[in-house]
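Predicted, not measured: the structure shown is a model, and the values here were computed from it. Below, chains carry the letters A, B, ... as their sequence lines are ordered, and counting in each starts from 1.
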Protein chains: 2
Amino acid sequence: MDRQAANCCGARADCSGCEARPLALCGALDPADVMVMSSIAQPRKLAAGRQLFQEGDPADDVFTLTEGMLKLYKLMPDGRRQITGFMVPGDFIGLAYGQNYVYSAEAVTATAACRFKRSALLAKMVEYPELEHRLLSLASNELAAAQAQMLLLGRKSARERLASFLLGIAERRGIAEGEAMPLPMSRGDIADFLGLTIETVSRAFTIMRKERLIALPDKHSVTITDGDALRDAAGD
Amino acid sequence: MDRQAANCCGARADCSGCEARPLALCGALDPADVMVMSSIAQPRKLAAGRQLFQEGDPADDVFTLTEGMLKLYKLMPDGRRQITGFMVPGDFIGLAYGQNYVYSAEAVTATAACRFKRSALLAKMVEYPELEHRLLSLASNELAAAQAQMLLLGRKSARERLASFLLGIAERRGIAEGEAMPLPMSRGDIADFLGLTIETVSRAFTIMRKERLIALPDKHSVTITDGDALRDAAGD
DNA sequence: CGTAATGTTGACTTCAGTCAAAGGATGTGG
DNA sequence: CCACATCCTTTGACTGAAGTCAACATTACG
């Protein structure tokens, strides 16, 4: 895969401790930003299911995801969980907080991330306003995504939620109708992202499969077989 | 009221067309920022129920709210509505977008806002990195609030939603137990913010009133009479 | 002061949740 | 390589919280 081709540290000398992080995966960040940041980066690897940090931990670090997938979530005291987003390579984690993290982050698949001291990032932002500018634009996009998710959670039916979810992933990853799309998270994760139960998610998958809107080659892949009908089912 | 005491333009000469905007209400912005921005500000007044902009409009302007309350919302084609936030003086509106607004903004009460050309704001941000820094911190806070709202919409019961809503407002506005709290929005607005129906909101109000968690002096005021029990009811 | 808009309450319905069981996949150790 | 254990997913039967529909009460406003 060409995702492994380039190292985001480039050939720069100041890349202490920052190993094999594909440049393309630094995503929304400019190559220039990546070089700025690589000087303060520390690599971090996580196996699936391990936590990067927990809600309430002191928020000393921020991260960029370079490989794999992370889920961000909030928990209620009785264990109810709401996943607020699935992060993919290029995404920034830990932007939004004060003293402590306000959500937990856990690896969905094996994951590689770059860790930065929050204080070092702040210093870099003063030095390179362009970096801050790009972080603001990232935060704005996340905010727009959060608002779309609020509409989904507050007003859509189970069927509409699942359809919107699948279309959203396909769009983000640029996957066309008829093409198999990886779905690394479990049904439980999907349920907690969509504000549903596992059973309701499973039933909705089955119904859409029987209606030939989608195909399910296996439990961690989907193919959108009728995009128009799926967009219809999404409600907007 | 001392809210009218100061003008956010201060005594500066370059305050073209920017009338009576109370400094204190520019809220999260520094006095310094306000002066930076006042040179490019245009005032805007809105009666209750009027729209500031609609989803899909070209996003040429950004705003700071100086008086009153705005609701931001998204609509589905069939009219279902999700209110994503109520904005109060000091809040920034229009941060998160590309070419077009991705939500609509409508006045809940009579409202005054400062309008800025997006392009002018961008220019000012280059000139004054501190301004951009503060906008990033505002966006981060909004993102955290959006995540809390996702938990509410995805995982809380009607009762928990209303309790969380009331506690959130009381905290934001620094209103103590036993003190009357203004609730300018309609039951319909509350329902569309909490992902419920008007009837369910009304019933939840009635139940909590009968349980003496709250008092309802009139339809646009609430008093939290038992904060501990209300926090209990909020679920977290 | 009368009319329209907003809010409350009640009766009934429905969609998604709960509980339960069985089917499949994955992995470990004998 | 197979037997067993565990975990995840699917399916079915039933329940319940919130939605819908309808009537009435209250408020706001021209």
Side-chain angles (χ1 to χ4, degrees), chain A residues 47-49 71 76 78-83 108-110 152-165 182-211 214-222 233 235, chain B residues 47-50 71 76 78-83 106 108-110 152-165 182-211 214-222 233 235:
Chain A
K71 58 192 176 203
M76 291 177 65
D78 63 4
R80 279 176 283 174
R81 184 178 68 154
Q82 179 64 41
I83 292 181
V108 173
T109 63
L152 180 149
L153 292 170
R155 289 299 178 217
K156 290 188 182 179
S157 69
R159 177 187 176 76
E160 290 169 332
R161 291 180 200 205
L162 186 60
S164 301
F165 173 66
L183 218 59
M185 68 291 285
S186 70
R187 295 290 188 263
D189 287 343
I190 296 173
D192 283 347
F193 183 58
L194 299 181
L196 300 170
T197 59
I198 293 177
E199 293 92 327
T200 299
V201 168
S202 181
R203 284 187 243 271
F205 266 119
T206 303
I207 292 170
M208 288 183 179
R209 179 175 54 71
K210 287 185 177 161
E211 294 173 339
I214 57 173
L216 299 167
D218 67 277
K219 296 188 193 323
H220 289 288
S221 317
V222 202
Chain B
R50 307 306 298 279
K71 57 192 176 201
M76 292 177 65
D78 63 4
R80 277 176 284 174
R81 184 177 69 154
Q82 180 65 41
I83 292 180
E106 187 181 312
V108 173
T109 64
L152 180 148
L153 293 170
R155 289 297 177 219
K156 291 188 182 179
S157 69
R159 177 186 175 77
E160 289 169 333
R161 292 180 200 205
L162 186 59
S164 302
F165 172 67
L183 220 58
M185 67 292 283
S186 71
R187 296 291 188 261
D189 286 344
I190 296 172
D192 283 348
F193 183 59
L194 299 181
L196 300 169
T197 59
I198 292 176
E199 293 92 327
T200 299
V201 169
S202 180
R203 284 187 245 269
F205 266 120
T206 302
I207 292 169
M208 288 184 179
R209 178 176 53 73
K210 287 185 177 162
E211 293 173 339
I214 58 173
L216 298 166
D218 67 277
K219 304 204 183 315
H220 290 286
S221 316
V222 202

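For Arg209(A), counting side-chain heavy atoms from C-beta on, the closest listed nucleotide (dG17(C), dA18(D), dT11(D)) is dT11(D). Here the nucleotide nearest the side chain of Ser157(B), chosen from dG19(D), dA18(D), dT8(C), is dA18(D). In this structure, of dT20(D), dT10(D), dT8(C), it is dT8(C) that holds the atom nearest to the side chain of Thr206(B).
Separating the CG atom of Leu153(A) from the P atom of dA16(C) is a distance of 13 Å, rounded to the nearest angstrom. Atom pair Arg187(A):CZ and dG23(C):C1' shows a separation of 15 Å (rounding to whole Å applied). To the nearest angstrom, C1' of dT6(C) lies 16 Å from CE of Met185(B). Between the CG atom of Leu162(B) and the P atom of dT8(C) there is a distance of 11 Å, given to the nearest Å. Rounding to whole angstrom units, NE2 of residue His220(A) and P of dC8(D) are separated by 9 Å. The interatomic distance linking Asp192(A) (CG) with dA16(C) (C1') rounds to 15 Å, in whole Å. The CG-C1' distance, from Asp218(A) to dC8(D), rounds to 13 Å in whole Å. When rounded to the nearest whole Å, the span between CD1 of Ile198(B) and P of dT20(D) equals 11 Å.
No side-chain heavy atom of Arg155(A) sits less than 4.5 Å from a side-chain heavy atom of Arg161(A).
Using a 4.0 Å heavy-atom criterion, one finds that Ser186(B) contacts the sugar-phosphate atoms exclusively. Heavy atoms of Leu196(A) sit under 4.0 angstrom from primed sugar atoms or phosphate atoms, though from no base atom. Across all strands shown, Gly195(B) has heavy atoms under 4.0 Å from sugar-phosphate atoms exclusively, and none from any base.
With Thr206(A) contributing its side chain and Ser202(A) its backbone, the two residues share a donor-acceptor pair below 3.5 Å. Under a 3.5 Å cut-off, the side chain of Ser164(A) and the backbone N or O of Glu160(A) do form a donor-acceptor pair. Of the possible polar contacts, one joining the Gln82(A) side chain to the Asp192(A) backbone as a donor-acceptor pair under 3.5 Å is found. Between the side chain of Arg203(A) and the backbone N or O of Ile198(A) there is no donor-acceptor pair closer than 3.5 Å.
For the pair Thr200(B) and dG19(D), the criterion of a side-chain N or O lying under 4.0 Å from OP1 or OP2 is met.
With hydrogens and angles left out, the side chain of Arg203(B) and the base of dG10(C) share a donor-acceptor pair within 3.5 Å.
Residue Glu199(A) is the one, among Lys219(A) and Glu199(A), whose nearest nucleotide of DNA chain C lies closer to the 5' end (criterion: closest heavy atom).
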